[in-house]
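Read through the structure below, which is laid out as structure tokens, and then see the notes.
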Amino acid sequence: MKKKSGSLGNVLKKDMKRYWQAYLMVLPVVVFYLLFSYKPMYGILIAFKDYSPAAGVWGSPWVGRHGMQNFIDFFGSYYFRRILKNTVVLSLSSLVFGFPAPIILALLLNEVKNERFKRVTQTISYLPHFISLVVICGMIKMFVANTGIITQFLGLFGFQPTNLLGKSQYFPAIYVLSNIWAGMGWDSILYLSALSGIDQDLYESARIDGAGRWQQTIHVTLPGISATIIIMLLMRLGSLMNVGYEKIILLYNEGIYETADVISTFVYRYGLLNGQWGYSVAVGLFNSVINFIIILFFNRLSRKLADVSLW
Amino acid sequence: MAMLVAGAMVLSAVGCGQNADSGQSSGGQAAQETETQAKTQTDTQTDTQTEAPAAEEAAEADGVAYPLTEDVTLTMAVVANAAISANYPDISETPFWKAWQEKTGVKLELIPVQDNEALKLLFASGELPDIIYGVNLSTVYAGGPSRAVTDQVVLPLNDYMQYAPDLAAILDSNENYRKVITTEEGSIIGFPFIAEDEYLLTSQGIIIREDWLEDLGMEKPETPDELYEVLKAFKEKKGAEIPMSCDAWAVRTLLEYGNIASGFGLPGTRLYQVEGTVHYGYAEPEYKDALAYMHKLYEEGLLDPNFATLEKTTLYANMYEGRTGLTHGAAGSSIGTYMNEMKQTHPDSPFSVTGSPTLAANKGERGIGRNMIYPVSGSVTFITPQCKNIEAAVKFLNYGYTQEGHDFFNFGVEGESYTVEEGKRIYTDWITSNPDGWTMQQALAAYTRSWLNGPFVQDRGYMEQYAALPQQQEAINTWIDNDGDQYIMPPVTVTAADNAEYARISTEISTYVNEMQIKYITGAESLDTFETDYLPTLEALGVDRYIELTQNALDAFNAR
């Protein structure tokens with residue numbers, strides 16, 4: 001064991017000497033991650049502390065119950081179940097409905113033979129991506145107000161016009177659908193480029209074998225981009241519990257916390273608005289740990305089943 | 001270069017120490033040591049140094065003499081305000097901040113802070129400027145003033161009061177002033193913003209279209225039933241689609257400060273006191289009646305159906321386009337804005353809004369709610385323990401409490417922003433009708449701080465001229481014509497020991513009550529659950545402990 005790691009060191013040394021230019025090029029990236037991703041992790045300590053800026057991270061006193069007071073408070077909180085449930089509901093429904101949407105759009109666009117129509121559709125579908133989130137959310141609020149265009153449209157089907165963002169039961173749908181609307185076009189670009197990489201000979205041979213367009217899609221196109229899909233899925237799963245809090249903060253109001261308040265917005269309110277730093281870091285850490293477990297699990301699963309993985 | 005600056009700062013600290021309290025032994029010795037160091041750098045000093053002794057003598061004779069003669073640079077964090085940033089992207093370009101430096105002889109390095117959240121991050125960073133301007137520690141610092149002192153964010157002024165003789169004189173004039181800026185542990189936390197006149201303490205309330213009332217031959221509503229009738233008339237006879245337009249904050253404020261809740265015998269849903277006993281309106285039985293009433297308004301389309309998500313711009317549009325006849329707002333920024341906008345865009349419109357009284361349970365009774373601040377708001381300008389030249393900072397901040405400083409903070413620079421006529425300070429036309437089309441608040445923001453807060457005593461003359469329209473003056477007089485002032489809580493502070501618990505409970509409770517308020521009003525939750533669900537949950541969240549801790553703080557405040 002020891003011998004092996006020693007030899008690894010030697011190999012590394014030799015390698016560095018030989019390709020020092022490459023190592024030099026990667027250095028800024030390594031430094032970036034060390035500085036901005038690893039060094040701040042030190043701050044996680046305040047989840048176990050009663051943080052006082054004057055005393056600093058290390059000097060602040062530990063909280064009670066062996067430093068676990070913040071976690072105990074959180075798990076015992078009136079809001080714990082609710083924000084956990086909302087986080088899971090919103091992220092899972094975003095995943096289930098939101099993840100396939102750009103793939104389907106890409107597949108559809110791929111089948112369109114009229115170049116002009118395809119270009120126009122593509123441009124229109126990814127336009128919302130370039131609009132600031134604040135503006136997007138302002139638009140959503142207007143659309144779903146009691147006199148908004150969406151509410152009025154629903155009114156044609158006998159729906160009582162009311163402010164949709166004022167009723168908690170509609171929030172998940174508004175959140176997920178608007179996510180799809182705003183993100184689908186942009187996300188589909190990646191799949192479209194993967195699609196263009198598929199060998200055209202495969203289609204030809206499929207046609208010779210008598211495959212129709214549907215069968216070509218199932219047996220040639222989908223397998224052709226499956227690696228891309230799985231990698232994207234894994235990356236998405238890694239941030240499963242990170243529901244886009246900026247958007248929720250812009251959309252929600254106190255009346256619909258019941259379905260709209262998630263872990264990240266809770267952390268935002270407690271940490272930034274109320275200055276309860278230790279507590280909010282504890283909650284955020286809990287969130288990250290769950291994320292980490294999820295990605296470990298799915299990475300292993302995907303390696304086993306599909307032989308594709310992040311590492 | 002840095003060495004030179006540091007040297008100059010040491011020197012200035014020394015000069016200051018000598019002039020204000022030459023008798024202190026240890027300070028004097030340290031001063032002598034540094035003085036020899038400083039002598040080697042005399043070439044860096046300007047000729048102000050030679051004039052210093054004369055000024056110092058004057059300072060000892062009667063308070064602090066301005067401008068200070070030493071060469072001082074202080075860093076100060078200022079929370080940005082839209083009224084300033086609209087016209088001055090760089091806050092240090094503002095005439096006010098320039099003039100303050102000229103008048104006191106202190107150089108300021110201003111550190112603009114985007115908002116209260118950014119300020120909290122500044123606290124968390126542990127690297128503080130010398131001074132932080134005009135903030136309410138109870139709201140911006142988790143744990144409040146006591147904790148801010150123990151966390152070494154705030155420097156207690158107890159040992160430095162001799163350098164702020166003018167502030168000391170004002171604190172001596174009213175025992176409540178000193179109480180507010182003193183923590184449970186006895187630390188004086190900073191330089192308060194004081195409004196002595198009752199007229200200055202209330203600036204918000206119900207706002208109503210008085211021209212509509214006149215057309216309809218109706219009086220201003222004084223009871224919940226009358227308010228209901230008025231709203232109905234607005235809707236039916238005036239074509240107002242949304243007779244009462246308010247955002248969630250305004251709805252909450254109408255209940256918290258009792259403008260509407262008072263009609264149900266509740267001074268407000270916030271914390272209030274009845275002769276020294278603390279109550280929490282959100283947990284009182286009368287709150288249910290107020291909620292039922294608000295729900296009725298909502299159900300019948302009298303209260304804005306979008307109030308939970310309403311933006312200010314929509315509210316303004318509702319007002320200008322005659323969709324709304326009643327809202328909540330301030331005399332200056334709301335009534336003033338509405339009136340001016342309508343005068344410019346619809347000069348012929350009879351549009352007129354003014355204040356409407358706090359509701360009373362029965363006709364002829366006096367209301368018991370008032371949207372009032374305590375004469376000494378919790379807002380203080382304070383010095384941090386990281387300040388290197390405390391004496392100079394104290395003297396600098398004392399300026400606002402001198403007669404000259406009083407005029408400056410309230411009215412700005414004589415000849416530019418105000419003139420003196422028959423002993424009265426009158427804002428110039430540049431302020432009241434700005435040639436560049438700035439609102440009066442924006443113009444005031446350029447020269448004064450009377451419109452916001454700061455280390456000084458606010459002058460009634462400001463409000464009289466700021467809210468100069470008859471509608472505005474009528475509004476303020478209407479809003480203060482009730483007994484609501486008896487129930488106002490002073491800004492009490494909880495002890496550092498209880499603070500973590502207090503902060504946790506109060507956030508959990510306020511999240512809950514705000515959420516439930518919207519649900520009850522919109523009907524998402526039936527009011528039948530008020531006793532079976534709502535009150536028990538409040539209890540589970542620790543409302544009794546919340547009231548108890550506040551009671552302790554109030555008792556301590558009264559005993560101070």
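Throughout, protein chains are lettered first and strands after them, A, B, ... in sequence-line order, and every chain is numbered starting at 1.
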Point to revise | Side-chain touch B:Thr314/A:Met142, heavy atoms, less than 4.5 angstrom | key: no
**Study point:** B:Arg504 versus A:Asn70, closest heavy-atom pair with distance
**Key:** NH2-OD1, 4.1 Å
Point to revise | Atom of A:Asn146, atom of B:Pro305 and distance for their closest heavy-atom approach | key: ND2-CG, 3.2 Å
**Study point:** Those residues that, when tested against B:Pro129, pass side-chain contact (heavy atoms from CB on, under 4.5 Å) (two or more places apart)
**Key:** B:Thr75, B:Ala77, B:Ile111, B:Leu122, B:Ile132
Exercise for review: Output the residues of residues 512-519 of chain B for which the shortest heavy-atom distance to chain A is under 4.5 Å, in residue-number order; output 'none' if no such residue exists.
Suggested key: B:Tyr512, B:Asn514, B:Glu515, B:Ile518, B:Lys519
Check your understanding: Is chain B contacted by the side chain of A:Glu258, its backbone, both, or neither, given a heavy-atom distance below 4.5 Å?
Key -> both
Point to revise | Under 4.5 Å from a heavy atom of chain B, the part of A:Asp261 involved | key: neither
Check your understanding: Just by distance, do the side chain of A:Tyr51 and the backbone of B:Ala124 share a donor-acceptor pair under 3.5 Å?
Key -> yes
Study note, to complete from the structure: Okay, B:Leu128 and chain A: the region with an atom under 4.5 Å from a heavy atom over there is neither
Check your understanding: chain A heavy atoms under 4.5 Å from B:Thr537: which part of the residue, side chain, backbone, both or neither?
Key -> side chain
Review point. Under 4.5 Å, heavy atom to heavy atom, which residues of residues 77-98 of chain A contact chain B?
Key: A:Ser77, A:Tyr78, A:Tyr79, A:Arg82
Exercise for review: Quick one: list whatever passes salt bridge (Lys or Arg N to Asp or Glu O under 4.0 Å) with B:Glu300, sequence neighbours left out.
Suggested key: B:Lys232
Check your understanding: Quick one: do the B:Thr507 and A:Gln276 side chains pair a donor with an acceptor below 3.5 Å?
Key -> yes
